[in-house]
Amino acid sequence: MPELPEVETVRRSLERRIVGRTVTDCIVRETRFRTPLDPAALQVALRGRRIVGVERRSKYLLIALAGEDVLVLHLGMSGRLDLARRGTAFLPHTHVQLELDGGDELRFSDPRRFGMLFVTSRAALPAHPRFTGLGIEPFDRGFTVDYLLDRGRSSRRPVKNFLMDARVVVGVGNIYASEALHRARVRPSTSVRRLSPQRMRCVHASVRAVLASAVRAGGTTLQDFRDTDGHAGRFQVRLRVYDRAGEACHRCGRTIRRIVQAGRSTFYCPGCQH
DNA sequence: CGGGCGGCCTGGAGGC
DNA sequence: TGCCTCCAGGCCGCCC
């Protein structure tokens, strides 16, 4: 479900409400995730620990605890975090609860179980297998047109797949890759190394613009995305191509097409993307 | 060895 | 109503 704007939206809503709180207990009711969860390790690391910060790296949420440890959380496709009063009704597939002082609890639900959570030390994080290969953050200073040109120089792959490659740049998933390329007027099937510097500059600016705009809108809610307070995103009404196959392009009027690239749906306008 | 593809899961939508 | 197929916002490992 979540790409950078959705994860960042969750991060902000979490940060407002859990920093300074202490985890009193951790209840695990499901351990079968893609990487199996170790309840004992989680409980030992979390119980009695104060939450000192909430950060994001790529599509991972990092809940920093007093001391050296960090709770790492990934929402996968269907993961969701909810902050709620203890004892209130909870969503189906609520697999983990963090009980907080003051009577609230943070609930992690994930029907498809593509998500993951684990505890590691802050020092070990960069070397963790899930983090070592990660590319640059799209809002870091190092994410430049030259960086993209350099990384794309020897690659014949389609620019859409390139943008979705987390080894190149993190946070761009299936929705925002299509949206950024529409904004840039670049056809998703274009080979990266065939993009002129001018067109790459446009792709670069469009990635940032689309992501920033989606963050401001609180993410995209297609079916079930919510922040930790249960609020839906508002970017779905601004989508220009994603999930609009057969509809008219708002820019040129031509009919939006759906194709499949690397096993994922891609949407583009044949009229104004070349 | 870069990168496409199948698989991991559940659930919702749509066809018959 | 049921049963089938297809599809879904991510990621990993296999294998060409």
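The sequence lines fix the lettering, A, B, ..., with proteins before strands; numbering per chain opens at 1.
- Residues A:Leu125 and A:Val72 meet the side-chain proximity criterion, which asks for heavy atoms closer than 4.5 Å.
- What you find for A:Met200 and A:Phe162 is that their closest heavy atoms are CE-CE2, 4.3 Å.
- Atoms CD (A:Gln223) and C1' (C:dC7) sit 10 Å apart, rounded to a whole Å.
- Ring centroid separation for the pair A:His204 and A:Phe143 comes in under the 6.0 Å cut-off.
- Across all strands shown, A:Ser265 has heavy atoms under 4.0 Å from sugar-phosphate atoms exclusively, and none from any base.
- Summarising the geometry, the separation between CG on A:Asp224 and P on C:dC7 is reported as 19 Å, rounded to the nearest angstrom.
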B/S/- contact track for nucleotides 11-16 of chain C, protein heavy atom under 4.0 Å: SS----
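- Between A:Arg17 and A:Thr228, the side chains place no donor N or O within less than 3.5 Å of an acceptor N or O (distance only, hydrogens not considered).
- Paired regions of DNA chain B, where each region holds three or more successive Watson-Crick or G-U pairs whose two hydrogen-bonding distances fall under 3.5 Å, are B:2-8 with C:10-16, B:10-16 with C:2-8.
- One interatomic measurement links the two molecules: CZ of A:Phe225 to P of C:dG10, which rounds to 13 Å at whole-angstrom precision.
- Using a 30° and 60° split on the angle between ring planes, A:His95 and A:Phe108 fall in the perpendicular class, above 60°.
- Contact annotation: the side chain of A:Asp82 never approaches that of A:Phe90 to less than 4.5 Å [non-hydrogen atoms, C-beta and beyond].
- Across all strands shown, A:Asn161 has heavy atoms under 4.0 Å from sugar-phosphate atoms exclusively, and none from any base.
- Residues A:Arg240 and A:Glu179 are in side-chain contact: their nearest non-hydrogen atoms beyond the backbone lie under 4.5 Å apart.
- Using cut-offs of 30° and 60° on the angle between ring planes, the pair A:His128 and A:Phe118 is parallel.
- Rounded to a whole Å, the CZ atom of A:Arg57 is 16 Å from the P atom of C:dG10.
- With no hydrogens or angles considered, no side-chain donor-acceptor pair links A:Ser178 and A:Arg264 at under 3.5 Å.
- Taking a 6.0 Å sphere around CZ of A:Arg201, one finds it holds 12 or fewer heavy atoms contributed by other residues, nucleotides or ligands.
- First and last contacting nucleotides of DNA chain B toward chain A (any atom under 4.0 angstrom from a heavy atom, 5' to 3' order): B:dG3 to B:dG11.
- A donor atom on one side chain and an acceptor atom on the other are found under 3.5 Å apart for A:Thr220 and A:Tyr176.
- Remark: the separation of the P atoms in C:dC12 and B:dG11 is 24 Å, to the nearest Å.
- Shown here for A:Pro2 and A:Gly76, the closest heavy-atom pair between the two residues is CD-O, 2.8 Å.
- Remark: P of C:dG10 and CZ of A:Arg167 are 16 Å apart, rounded to the nearest angstrom.
- Across all strands shown, A:Tyr242 has heavy atoms under 4.0 Å from sugar-phosphate atoms exclusively, and none from any base.
- Residue-nucleotide stacking is present for A:Phe114 and C:dG10, judged by a side-chain ring centre under 5.5 Å from the six-membered base ring centre and planes under 30° apart.
- Across all strands shown, A:Gln261 has no heavy atoms under 4.0 Å from either base or sugar-phosphate atoms.
- Separation of the P atoms belonging to B:dC1 and C:dC11 is 24 Å when rounded to the nearest angstrom.
- In this structure, A:Arg112 places its CZ atom 12 Å from C1' of C:dC6, rounding to the nearest Å.
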